[in-house]
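The structure under discussion appears below in the form of structure tokens.
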Amino acid sequence: MLSISGILVVMIAVIVWSALKEFPAAAGLLLPTGAMGRTPFILFSVILGAGALLIPITAQLGAGLLPATEIEARQMMLILMASLLAVLILDRFALIPSVCTAFVGALEGYKLVATDDLPLNAAPVLTWVASLAAVFLLALLLEYALKALFVKSGIHIITLSYWMRPVAAAGMCLGIAAIGINNGAVLHAAAGTSGIGVPVVAAVSAVMTAVLGNALLQRSYAKADLDYELSLHSAASVSLAVTAVLLCFSSRQFCGMLHLPASPLGVQALIAVALLGVSVSRKSFAVEPSAVGKSLAGLILSPALALIIVYFSFSLIRRSDNDSYPIVLLLFLLLLLGFLPGQKK
């Protein structure tokens with residue numbers, strides 16, 4: 001019972017991280033268009049973000065992450081804590097990490113200890129590389145297409161802006177659902193090993209999103225003001241490209257056609273590379289090159305660091321016949337609390 005309560009608390013921490021650190025990067029693309037006000041934005045974030053946990057594609061993506069080796073609830077709690085610790089450490093060093101890719105690495109570290117199975121499974125890395133290439137090309141093509149519509153069609157900008165508002169609102173809804181599927185796969189996998197019902201996790205996610213609604217809105221606008229200098233068609237190109245890639249690479253059927261495993265993706269890395277694709281069309285940077293480097297470094301270092309943390313932690317627990325589990329748990333808690341004060345806003 002204590003392990004289940006503990007894993008639920010850690011899952012809430014993952015939800016908070018996703019809502020305050022990863023979601024605003026996507027929402028900040030189209031939110032400044034005025035397509036959604038405060039109340040609809042929070043409402044759709046709650047319904048679509050949390051509701052994504054209940055659809056089959058999320059269940060399939062989450063189940064596909066779990067190794068064949070059985071994972072106990074308290075072991076999953078440490079795996080989630082290691083994922084959070086990895087992203088907190090990298091965030092402290094001004095990188096842009098991903099809790100989703102960290103979770104994939106943490107599971108690989110657990111499997112390595114549990115089965116002594118070498119070499120490591122590098123297939124998810126191929127999926128991440130393929131997704132980055134896809135989002136770059138798709139953003140570039142959409143930028144050319146929408147630029148032709150906006151600039152060369154001769155339609156008045158006021159008319160275009162009027163018709164683009166419902167399109168932007170629909171794009172935001174799809175984007176919220178896509179991120180809900182991508183990040184929700186982590187929660188689904190954790191729930192599957194802990195005995196916590198997925199509807200319970202979805203309800204907790206909905207409540208936390210509603211509670212954090214105002215902070216989420218403010219961070220999304222701040223992200224737009226500080227990091228993005230995009231025209232309407234450029235913002236739409238990036239948002240649609242990222243959403244399409246998230247939805248496609250969440251599908252086991254789509255990834256199967258590419259002979260790749262479906263895997264959660266690093267949302268902020270996708271956005272940075274999509275902005276790079278838009279930059280090619282604009283012949284000027286739509287994003288700071290350093291931000292792209294930080295996102296890509298965070299994408300790769302998140303799973304690597306989480307794997308190392310989990311491997312050494314579970315190796316210690318295994319050698320002590322589980323006697324050192326309370327010590328490792330306490331150490332994780334202290335490290336998590338220690339890295340929290342230094343987090344960037």
Side-chain angles (χ1 to χ4, degrees), residues 4-55 57-59 61-62 80 83-84 87-88 91 98-100 103 165-166 168-192 194 196-225 239 242-243 246-247 250 264 267-268 271 336 340 343-345:
I4 294 177
S5 301
I7 198 171
L8 189 58
V9 170
V10 181
M11 290 169 74
I12 290 173
V14 171
I15 293 169
V16 172
W17 170 273
S18 298
L20 298 184
K21 287 287 187 177
E22 300 188 12
F23 183 79
L29 291 167
L30 290 176
L31 195 58
T33 63
M36 274 192 194
R38 172 186 171 277
T39 301
F41 174 74
I42 296 175
L43 184 62
F44 280 118
S45 297
V46 170
I47 295 174
L48 297 176
L53 280 162
L54 302 175
I55 62 178
I57 188 173
T58 311
L61 184 60
L80 279 175
S83 304
L84 276 174
V87 296
L88 289 174
D91 188 75
S98 164
V99 73
C100 293
F103 183 72
R165 289 189 67 176
M172 288 184 67
C173 289
L174 281 173
I176 292 169
I179 294 174
I181 293 169
N182 185 74
N183 290 40
V186 173
L187 302 176
H188 211 289
S194 62
I196 302 174
V198 174
V200 173
V201 178
V204 171
S205 179
V207 170
M208 292 306 302
T209 304
V211 170
L212 296 169
N214 286 328
L216 199 160
L217 187 69
Q218 293 171 5
R219 284 175 177 257
S220 298
Y221 274 117
K223 191 74 176 176
D225 293 338
S239 180
V242 170
T243 298
L246 281 173
L247 291 174
S250 295
V267 174
Q268 296 188 90
I271 293 171
L336 286 169
L340 276 177
Q343 296 310 298
K344 299 185 282 82
K345 294 183 179 181

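Since the structure is predicted, the reported quantities are computational estimates derived from the model, not experimental observations.
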Heavy-atom closest pair (Ala52 atom, Ala177 atom, distance to 0.1 Å) is CB-O, 3.9 Å

dist Phe23:CZ -> Ile15:CD1 (nearest 0.5 Å) comes out at 13.5 Å

So the side-chain hydrogen bond (donor to acceptor under 3.5 Å, both in side chains) pairs with at least one residue in residues 196-210 (sequence neighbours excluded) are none

Taken in chain and number order and not counting sequence neighbours, the residues that satisfy side chain to side chain contact (heavy atoms under 4.5 Å, CB included) with Thr243 are Leu174, Ala178, Ser239, Leu247

For Ala19, the side chain to side chain contact (heavy atoms under 4.5 Å, CB included) test, sequence neighbours excluded, returns Leu212, Leu216

| task | Side-chain contact test, heavy atoms from C-beta onward, threshold under 4.5 Å: evaluate it for Ile176 versus Ile47 and give yes or no. | result | no

* **Intermediate values then yes/no, side-chain contact (heavy atoms from CB on, under 4.5 Å), Leu53 and Val201** => CA-CA 8 Å; Leu53 280 162; Val201 178; 4.1 Å; yes

In short, side-chain hydrogen bond (donor to acceptor under 3.5 Å, both in side chains) pairs touching residues 171-185 with sequence neighbours left out are Ser18-Asn183, Glu22-Asn183

Distance col, row Ser220:OG vs Leu30:CG, nearest 0.5 angstrom, shows 11.0 Å

Pair Ile42, Asn214 - check side-chain contact (heavy atoms from CB on, under 4.5 Å), show working.
CA-CA 8 Å; Ile42 296 175; Asn214 286 328; 3.9 Å; yes

Shortest non-hydrogen pair, Met11 vs Leu187, comes out as CE-O, 3.6 Å

When rounded to the nearest 0.5 Å, the distance separating NE2 of His188 from CD1 of Ile181 is 11.0 Å

By side chain to side chain contact (heavy atoms under 4.5 Å, CB included), Ala206 pairs with (sequence neighbours left out) Val46, Ala50

Residues Leu20 and Ala215: closest non-hydrogen pair is CD2-CB, 4.0 Å

Nearest heavy-atom contact between Met36 and Phe44 is CE-CD1, 3.6 Å

d(Cys100 SG, Gln268 CD) to nearest 0.5 Å is 10.5 Å

Closest heavy-atom pair, Val267 versus Ala26, reported as atoms and distance to 0.1 Å, is CG1-CB, 4.5 Å

Residue set satisfying side chain to side chain contact (heavy atoms under 4.5 Å, CB included) with Ile12, at least two apart, ordered chain then number -> Val16, Val204, Met208

To the nearest 0.5 Å, atom CG of Leu8 lies from atom CD1 of Ile196 at 4.5 Å

